[in-house]
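I am attaching a structure below and will ask some questions about it afterwards.
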Amino acid sequence: MPTMRINQGAAFMAAAASTLLGGGAQAAVDLGWYPPNATVINSLAQVLNGTDIYGFVYNSSSVPDSVYGTYNWCNMPHVRATEYQKPSAEYQLQYVEVIHRHHKRTVYASNAFPVESYGWDCDDEGLFYYGQPKDGRKSAHTYWQGYTSPENPFVPSGFLGSCQFPQITAGGLDDSWQHGKDLYGVYHDLLGFLPNNTQEKATFRVTQNVITSEVAGMVINGMFGTEANYPLLIQASGIDSLEPAYSCAVSSNLFSDITSSTNWQSHLTAASTLYSTLDDISGVDPTDSGFHASFDHYYDNLSARQCHAKPLPCKLVNGVNSTTCVTQSIANEVYRMGNWEYSYKYRDDSRSLAASATSYGVWVGELTTHIRDFISGKSNVIWRHNVAHDGSISRLLSVLQIDVMVWPGMGSEVVFELYKKDNATTTATAPAAPSNSTASGSSGYFIRVLWAGQVLRSSNPSLGLMDMVPLETVLAYFDGLVGVGANLVHGKCNGTVAV
Ligand SMILES: *[C@@H]1O[C@H](CO)[C@@H](O)[C@H](O)[C@H]1NC(C)=O
Ligand SMILES: *[C@@H]1O[C@H](CO)[C@@H](O)[C@H](O)[C@H]1NC(C)=O
Ligand SMILES: *[C@@H]1O[C@H](CO)[C@@H](O)[C@H](O)[C@H]1NC(C)=O
Ligand SMILES: *[C@@H]1O[C@H](CO)[C@@H](O)[C@H](O)[C@H]1NC(C)=O
Ligand SMILES: *[C@@H]1O[C@H](CO)[C@@H](O)[C@H](O)[C@H]1NC(C)=O
Ligand SMILES: *[C@@H]1O[C@H](CO)[C@@H](O)[C@H](O)[C@H]1NC(C)=O
Ligand SMILES: *[C@@H]1O[C@H](CO)[C@@H](O)[C@H](O)[C@H]1NC(C)=O
Ligand SMILES: *[C@@H]1O[C@H](CO)[C@@H](O)[C@H](O)[C@H]1NC(C)=O
Ligand SMILES: *[C@@H]1O[C@H](CO)[C@@H](O)[C@H](O)[C@H]1NC(C)=O
């Protein structure tokens, strides 16, 4: 059991009165930070000493059904009918909000090596870009065809090929479609929750990064089989809460403190031999700060290759492959480091909760408003679907204080399910003041949170195993951190309200 607690004092316990939930229902929750479980992932000694990558998958989007649920960087497990645990009949599903990372893609240009032994070709798909008046003339379905001009002397060697960097690859588009199909298989086919045509009751949201739109279109077709026009909600550049892209100086400073900490610096120091090996093979300048502040760039570069069945890179000597190559063992070391970094940054460091609750607080406040608006009848939307990034999912898992943090792989999914419990059975079976909460559950609403298709466990004792936690508890926790409808976030971000 967790023993450490931060955020002592006034902010420690939150008692939130919710006008929505039956005249001032009160729920006292613990807003403190609790450390994640101690595992191989967040033990630096074991990361340094290890050889494997914990059975995690990095080389294919598909795994046998028998091991579905295993961490798969290329295509993380998500809700699907084969594994879905249907709650007992007294719980009626009311509202669902899904958020997941986009699917597999090329690398970002910033993560490319200065010299590349092969290119990325994307001639097997089209990235459609066009505008069309809603009433009036039609547009051709135009798409971008990347190409490299032999006359253009400014083409960097890392840009060989016809892809945009980044873009969702054909394999990632297939995974996106299947992800939509699997969700529909549960929420429509199995539960009968989604009607056949959900345009009016479902909304889809993306970020300013076009790769999320590339995914959303495939997901929607995988769900509803439609090729029709479909709106994707999007907030303005620079303030979007889903990515998140709004500026939050307090959060940036906290994350910066985390990555300047002794713990963070000592993992980089301990990895100096690994860095020399990688720099030598890739041609990356050993003083390049982007590649050496964390393992992000190397991790992305190596994993994107492996997920697309491309070989690990070799050192190019006079433009020809040498026999000095990144081995699987070296790649595994990079993957162990990357997972350690995500655990450290988003969970192990006690400042992570405040860093994430501020920079992801607006999205969290949007979520609680969606739930309240559904219950009050202000909104009839029953399905909200967000396509986002690893930075979005990581912050959300940080706010939820997941018990074992990993680097959220491609397609990583968190699902919030709102249930109403049949009132006739509520009194008989509701846990009487469970130790993790003093909430009464008097509204009869409960929240279940699924991560990678399974119930998420939080290290925070008020949340615990997030399997039918009284809505009052969940709202009091989120409201306590970010305010009702995120009304504390602006002040917390600019330092006028204490975090
Ligand atoms: C984390 O620890 C808790 C409490 O010991 C345990 O119930 C849970 O299964 C652990 N989580 C994982 C993912 O192993
Ligand atoms: C590393 O592994 C070796 C051999 O398995 C073991 O003797 C040593 O104690 C380990 N070191 C750490 C820090 O775990
Ligand atoms: C992926 O890696 C695992 C473990 O190294 C290996 O057993 C498997 O054959 C690989 N699969 C593919 C498709 O390369
Ligand atoms: C890795 O770096 C190489 C070299 O610049 C680049 O060509 C390749 O696209 C990168 N791959 C990824 C997945 O970043
Ligand atoms: C280097 O090796 C890779 C993998 O075998 C191959 O795809 C690529 O064409 C080679 N590049 C050069 C320049 O020889
Ligand atoms: C939904 O579609 C299925 C199969 O096409 C059909 O059997 C069912 O009647 C439809 N339901 C509604 C409410 O339209
Ligand atoms: C359950 O709700 C119904 C309708 O709201 C109400 O008529 C009934 O009295 C309630 N039963 C209990 C046990 O509260
Ligand atoms: C927290 O409470 C919920 C129900 O309110 C319960 O299902 C869950 O097991 C509890 N978690 C812990 C860690 O006690
Ligand atoms: C800081 O946030 C508060 C909201 O709590 C807002 O009223 C104020 O204008 C902000 N100040 C600055 C300088 O952004």
Side-chain angles (χ1 to χ4, degrees), residues 1-4 34-43 46 50-64 66-67 69-77 104 171 175 238-239 246-253 302-312 326-336 339 342-343 347-348 357-359 361-362 365 397 400-409 412 414 435-436 449-467 481-499:
M1 286 301 287
T3 53
M4 294 170 66
Y34 288 80
N37 293 13
T39 67
V40 286
I41 292 167
N42 57 5
S43 157
Q46 293 186 73
T51 52
D52 63 2
I53 180 61
Y54 326 129
F56 290 7
V57 177
Y58 283 86
N59 59 5
S60 168
S61 278
S62 56
V63 295
S66 59
V67 293
T70 303
Y71 178 103
N72 181 349
W73 171 259
C74 308
N75 187 13
M76 289 289 277
K104 71 184 183 184
D175 294 344
I239 55 133
Y246 61 88
S247 71
C248 182
V250 164
S251 173
S252 306
N253 291 340
L302 299 177
S303 64
R305 290 167 197 255
Q306 293 210 273
C307 284
H308 293 90
K310 292 177 184 286
L312 289 167
V326 174
T327 62
Q328 189 63 55
S329 160
I330 294 171
N332 289 349
E333 203 174 343
V334 171
Y335 302 151
R336 288 196 303 278
N339 279 289
Y342 268 68
S343 183
R347 287 292 287 113
D348 296 82
T358 44
S359 53
V362 175
L397 294 174
L400 291 167
Q401 302 195 49
I402 191 170
D403 62 350
V404 177
M405 181 70 190
V406 290
W407 190 336
S412 284
V414 177
S435 62
N436 67 10
V449 180
L450 303 174
W451 153 246
Q454 300 297 320
V455 173
L456 180 146
R457 184 184 289 276
S458 172
S459 302
N460 180 295
S462 288
L463 303 179
L465 186 68
M466 296 198 73
D467 190 7
L481 290 174
V482 312
V484 174
N487 68 12
L488 294 177
V489 176
H490 193 192
K492 285 191 172 197
C493 280
N494 71 21
T496 57
V497 174
V499 293

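All ligand and atom numbering here is 1-based and tracks the order in the structure. Side-chain atoms are counted along with the backbone in the values below, which use heavy atoms only and exclude waters and symmetry mates.
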| request: Quick one: list whatever passes side-chain contact (heavy atoms from CB on, under 4.5 Å) with Glu333, sequence neighbours left out. | output: Leu274, Arg336
| query | Short list, please: which atoms of ligand 3 are under 4.0 Å from a heavy atom of Asn59? | reply | 1 (C), 2 (O), 3 (C), 8 (C), 10 (C), 11 (N), 12 (C), 14 (O)
| query | Sequence neighbours excluded, which residues qualify as side-chain contact (heavy atoms from CB on, under 4.5 Å) partners of Val63? | reply | Val57, Val67, Tyr68, Asn72
| Between Ser60 and ligand 3, does any nitrogen or oxygen pair lie at a separation below 3.5 Å? | no
| said: Can a donor-acceptor pair be found, under 3.5 Å and without considering hydrogens, that links the side chain of Ser343 to the backbone of Asn339? | reply: no
| Are Tyr335 and Tyr58 close enough that their ring centers fall under 6.0 Å? | yes
| task | Output yes when a side-chain donor or acceptor of Asn37 lies under 3.5 Å from a complementary backbone atom of Thr39, and no otherwise. | result | no
| message | Give the residues near ligand 9 by chain and number, with the criterion being a heavy-atom distance under 4.0 Å. | response | His490, Gly491, Asn494, Thr496
| message | Determine whether a donor-acceptor pair (N or O, by modelled atom type, separation under 3.5 Å) exists between the side chain of Thr358 and the backbone of Cys493. | response | no
| task | List in chain and number order the residues that pass side-chain contact (heavy atoms from CB on, under 4.5 Å) with Thr327, two or more places apart in sequence or in another chain; answer none if no residue qualifies. | result | Ser329, Ile330
